Amino acid sequence: MLTILLDGHGELAEWRAAARALLLAGIPPERVEWRQRGGATGDLFGGQMEGSPLPPPDPQTPAATVPRAFLELAEAVICHNDPRRFALLYRLLWRLQGERALLEMRADADVVQANRLEKSVRRDAHKMKAFVRFKELSDGEGQPRRRFLAWFEPEHFIVGRTAGFFQRRFTDMDWIIATPKGTSSWDGQHLRFDPAPATKPDLRDAADDLWRTYYAHIFNPARLKVQAMQSEMPKKYWKNLPEADLIPDLIAGAEARVREMAARAASDPPAFHHRLRARDKAAGREGET
Amino acid sequence: MKKTLKERLAILSDAAKYDASCASSGTERRDSGRSGGLGSTEGSGICHAYAPDGRCISLLKILLTNFCIYDCAYCINRSSSNVERVRFSVEEVVWLTLEFYRRNYIEGLFLSSGIIRSSDHTMEELVRVARILRTDHGFRGYIHLKTIPDASPALIEEAGLYADRLSINIELPTDAGIDNFAPQKHPTRIRAAMGDLRLKIDAAAEPSFRGRRKRFVPGGQSTQMIVGVDGANDATILASSARLYGNYRLRRVYYSAFSPIPDASRALPLIKPPLLREHRLYQADWLYRFYGFAVEEITRTRPDGNLDLEIDPKLAWALANRERFPIDINRAEREMLLRVPGLGPRSVNAILSARAHKALRLEDLGRLGVSLRKVRPFIAALGWTPLRLVDRSDLRDLFAPKPEQLSLF
Ligand code: SF4
């Protein structure tokens with residue numbers, strides 16, 4: 001049995017290097033145990049553990065190839081927090097050498113599992129792009145570029161994966177996204193990723209108040225659909241959304257607001273309405289401007 | 001005393017919330033990676049928040065002003081309403097958009113306006129916001145502008161250079177409805193504006209002799225119909241949408257259940273908004289656009305021309321056309337698979353790819369993520385033939401929800 005120790009911060013390269021060596025040495029999946037360094041895998045010796053050295057290639061084994069689709073799948077799956085992802089990917093890689101069309105067998109148990117992990121990573125990355133909230137750092141006055149910092153808590157190791165998106169979008173400002181699963185940052189020159197867990201900063205931004213005003217007023221109390229909201233904006237994200245603490249009161253007050261609208265008798269139109277309509281009449285036409 | 005920015009933001013987002021559209025998808029891909037500005041659009045849009053009404057908040061959706069010289073009965077901004085009137089300056093809208101964008105609250109701006117003075121004057125102000133965002137600030141986020149009926153072609157042309165999407169609301173499904181409830185609006189002119197815009201979009205899509213296409217409203221045009229104001233039934237509404245999609249190649253028709261507004265007009269009932277009906281209309285619209293259904297196929301299933309509220313329109317069609325089932329999932333063509341209740345384009349693709357390698361059983365479908373409960377009566381698979389549908393009398397009960405007491409206010 002070989003034990004392969006990986007950092008598992010969501011980058012494919014380290015897994016790929018190990019997997020390639022194992023494959024070229026002809027080591028079948030059953031003979032490999034994959035572990036995450038310092039991972040919460042419930043393994044008592046995690047910290048102390050030494051990985052096995054990678055085996056030398058077996059000259060009998062043909063060069064390995066994989067379909068492009070596998071690499072794309074693997075790049076997503078590797079970000080998942082499931083400790084079994086390394087073994088799953090190696091099993092797929094191993095099987096792909098004989099079963100070239102494996103990934104199209106959408107009902108195969110390994111393929112189903114990989115697609116499930118991929119989907120969960122994709123969703124988490126999408127939600128991160130949606131729910132990161134930057135706050136402006138006030139110590140940047142006089143600096144040529146404005147500076148922003150966000151705190152976010154992703155489910156999977158997606159901070160590196162999403163960094164490019166934020167760089168392409170927020171190009172003209174400096175930003176840092178700090179999370180318990182690492183930090184990404186951009187300073188106009190370099191896009192960086194540091195896997196060390198960050199701690200939550202205490203941040204305030206006056207613009208949040210305007211955003212909260214907008215959020216409260218774009219809501220239509222006559223169309224309350226709390227379930228629909230929560231399935232798209234699950235509660236686990238709420239604690240880092242500046243607008244989220246308004247939600248309970250908006251929901252609680254909705255019915256009364258609608259009842260009040262219904263109870264209020266129609267009012268008399270303001271004077272300018274009468275002037276406008278009189279003008280229409282005088283012009284002999286229905287309200288052309 | 002002049003209201004603060006925050007107070008005006010409250011009023012002008014209240015004024016904008018009855019427009020259903022908040023989409024930021026379907027435009028070109030672009031970003032600031034090389035150019036160094038601010039903003040990107042990457043394929044599908046992003047919902048940055050959801051309000052407790054379940055709606056996606058993707059854009060800063062506001063009115064430039066809620067002053068309006070028109071008097072559309074269903075509208076919170078109509079001239080006869082006593083709602084408080086305020087306005088933003090062009091610069092304030094630009095500032096709000098950029099500051100919201102930088103904090104990742106939004107994908108961009110959806111700017112509309114009440115009609116002040118003249119159509120051209122109003123349109124000019126909207127265009128000015130978009131121009132400043134694009135040219136002075138290098139903003140590459142999403143911009144949706146409402147086009148004002150009767151605005152001059154040159155202004156629409158300029159708007160199209162900056163905006164990802166333009167829209168003009170048809171408001172009601174029939175011309176009679178528009179005459180009744182929006183007396184200053186002219187359905188023929190609204191349609192003419194849509195037609196002109198379509199021609200401009202088509203012309204821009206033609207490559208010039210140097211092989212370049214002009215960038216012009218890459219997200220296309222959309223419109224909105226309010227449901228439940230006039231007496232139009234669903235067949236009329238959907239036929240009207242089909243004409244709009246066909247004649248003007250709209251990207252989307254939005255359906256907005258008429259909803260009580262503050263200081264409502266006497267002309268309209270303060271009913272609970274018909275949300276379920278709105279939902280069924282979206283489903284039917286979807287079947288028309290992506291599943292190859294004709295509108296009449298969907299609306300023929302009930303004599304009153306309204307969609308069944310209890311079951312979705314695809315299931316309703318299947319139950320009304322039982323003789324066409326079961327469908328053999330190992331042989332049927334894509335078009336027919338798409339008609340099976342419970343199968344969407346994604347699962348149909350998965351089935352087509354999986355069945356090229358082996359004949360599929362029910363269990364295989366389960367692994368592809370298909371809900372067996374729903375599809376089982378309608379399909380045949382390896383080792384599975386359902387009871388012939390025509391022989392079952394309990395099918396509707398199998399799917400229709402238990403009757404629910406709707407609370408009234
Ligand atoms: S034109 Fe009609 S729908 Fe538009 S803001 Fe004015 S009153 Fe409302």
Side-chain angles (χ1 to χ4, degrees), chain A residues 101 104-107 112 126 129-135 146 148 150 165 167-173 205 207 209-211 213-215 217-220 222-226 228-229 232-233 241 243 247 250-251 254-255 258-259 261-262 264 266-267 269-270 272-273 276-277 286-289, chain B residues 5-6 9-10 13-14 16-18 31-33 36-40 42 46-54 56-57 60-61 69-71 79-80 82 96 99-100 102-105 115 118-119 183-184 259-266 270 273 275 350 353-354 356-357 360 364 367-368 409:
Chain A
E104 284 155 50
M105 320 262 291
R106 302 273 290 270
V112 167
H126 185 75
K129 293 172 190 173
F131 298 149
V132 155
R133 297 282 184 261
F134 284 114
K135 311 217 183 222
R146 294 172 64 179
F148 291 81
F165 166 84
Q167 187 266 331
R168 290 190 297 278
R169 173 162 290 201
F170 300 104
T171 314
D172 73 354
M173 59 196 226
D205 187 325
D209 192 32
L210 287 172
W211 168 242
T213 302
Y214 177 65
Y215 182 82
H217 286 269
I218 205 69
F219 161 57
N220 182 349
R223 306 177 50 109
L224 205 56
K225 272 192 190 170
V226 180
M229 169 195 63
E232 293 298 339
M233 200 164 82
L241 292 171
E243 66 274 23
I247 294 171
L250 289 176
I251 295 174
E255 217 185 304
V258 176
R259 229 183 290 114
M261 278 189 250
R264 179 123 36 90
S267 60
F272 77 85
H273 169 76
L276 280 168
R277 301 289 77 96
E286 260 306 324
E288 279 175 54
T289 53
Chain B
L5 183 67
K6 182 174 157 180
L9 177 62
S13 22
D14 265 328
K17 71 179 157 208
Y18 301 98
D31 64 57
S32 307
L38 174 72
S40 62
E42 307 196 352
I46 298 174
C47 294
H48 286 271
Y50 288 81
D53 52 22
C56 158
I57 301 178
L60 171 63
K61 178 163 61 179
I69 57 176
Y70 283 13
D71 195 38
S79 62
S80 59
N82 279 297
L96 273 174
E99 294 307 311
F100 274 24
R102 286 190 186 285
R103 284 157 182 86
N104 204 38
Y105 302 151
I115 297 178
S118 70
S119 295
Q184 291 83 24
S259 136
I261 47 173
D263 196 26
S265 154
R266 284 190 194 98
L270 271 171
L275 296 184
S353 131
H357 300 280
L360 304 178
D364 295 320
R367 263 180 249 134
L368 295 176
F409 54 78

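Residue numbers begin at 1 in each chain, while the letters A, B, ... track the order of the sequences. Just so it is clear, the model here is predicted, and its values are computed rather than measured.
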*What residues, two or more places apart in sequence or in another chain, satisfy salt bridge (charged side-chain N to carboxylate O under 4.0 Å, His left out) together with A:Glu104?*
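Testing A:Glu104 for salt bridge (charged side-chain N to carboxylate O under 4.0 Å, His left out), a comparison that skips the adjacent residues, returns none.
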*Under the salt bridge (charged side-chain N to carboxylate O under 4.0 Å, His left out) test, which residues partner B:Arg102, sequence neighbours left out?*
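Residues passing salt bridge (charged side-chain N to carboxylate O under 4.0 Å, His left out) with B:Arg102: A:Asp172.
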If you tally heavy-atom pairs under 4.5 Å against chain A, which of [options] wins?
options: B:Cys56, B:Ala16, B:Ser40; value: B:Ser40
options: B:Asn82, B:Leu368, B:Ile46; value: B:Asn82
options: B:Pro262, B:Ser265, B:Ala49; value: B:Ala49
options: B:Pro52, B:Gly33, B:Ala354, B:Ser79; value: B:Pro52

*asked:* Could you check whether B:Glu42 pairs with A:Arg168 (Lys NZ or Arg NE/NH1/NH2 to Asp/Glu carboxylate O, under 4.0 Å)?
replied: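 Yes, this pair counts.
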*Lys/Arg-Asp/Glu bridge criterion (N-O < 4.0 Å) met for A:Arg133, A:Glu243*: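 Salt bridge flag = yes for A:Glu243 with A:Arg133.
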Please look at [X] and chain A and tell me whether the side chain, the backbone, both or neither of the residue comes under 4.5 angstrom of a heavy atom of that chain.
X: B:Phe100; result: side chain
X: B:Leu60; result: both
X: B:Ile57; result: side chain

[X] versus [Y], closest heavy-atom pair with distance:
X: B:Ser80; Y: A:Pro270; value: O-CD, 3.4 Å
X: B:Gln184; Y: B:Asp71; value: OE1-N, 2.8 Å
X: B:Ala350; Y: A:Arg106; value: CB-NH2, 3.5 Å
X: B:Tyr105; Y: B:His48; value: O-CB, 2.9 Å
X: B:Pro260; Y: B:Tyr18; value: O-OH, 3.9 Å

May I ask you to name which of [options] has the most heavy-atom pairs under 4.5 Å with chain B?
options: A:Trp211, A:Tyr215, A:Phe165; answer: A:Trp211
options: A:His217, A:Lys225, A:Met229; answer: A:His217
options: A:Ala222, A:Ala101, A:Ala254; answer: A:Ala222

Need one label for [X]: side chain, backbone, both or neither, based on atoms under 4.5 Å from any heavy atom in chain B.
X: A:Phe148; result: side chain
X: A:Leu250; result: side chain
X: A:Phe272; result: side chain
X: A:Val132; result: both
X: A:Leu276; result: side chain

*asked:* Given 3.5 Å as the limit, does a donor-acceptor pair link the side chain of B:Asp53 with the main chain of A:Arg223, or not?
replied: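 Looks like no, no N/O pair under 3.5 Å.
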